[in-house]
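Everything quoted here is computed from the prediction, not taken from an experiment.
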Amino acid sequence: MNTATEPEDLGELIADCAHIPSALRSEGLTTDRMPHPRAARPWQVDDACHAQVADLDAYV
């Protein structure tokens, strides 16, 4: 079993990227295969969320 390790420097990162299949690289993807961005759903802060940060000023 191969385990991936974090690259130690930029050279290792570039070498790691060379092993990415061409079908997954951006130049191998065409715009008709890329998903279109979705509109952000509206959201609101409810009382439970607000309560989590209500005493934040005490920590500053």
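- In this structure, CD on Glu6 lies 12.5 Å from CG on Asp9, to the nearest 0.5 angstrom.
- Under the side chain to side chain contact (heavy atoms under 4.5 Å, CB included) criterion, Asp46 pairs with Ala48, Cys49, sequence neighbours left out.
- Listed by chain and number, the residues in a side chain to side chain contact (heavy atoms under 4.5 Å, CB included) with Leu10 are Leu13, Ile14 (sequence neighbours excluded).
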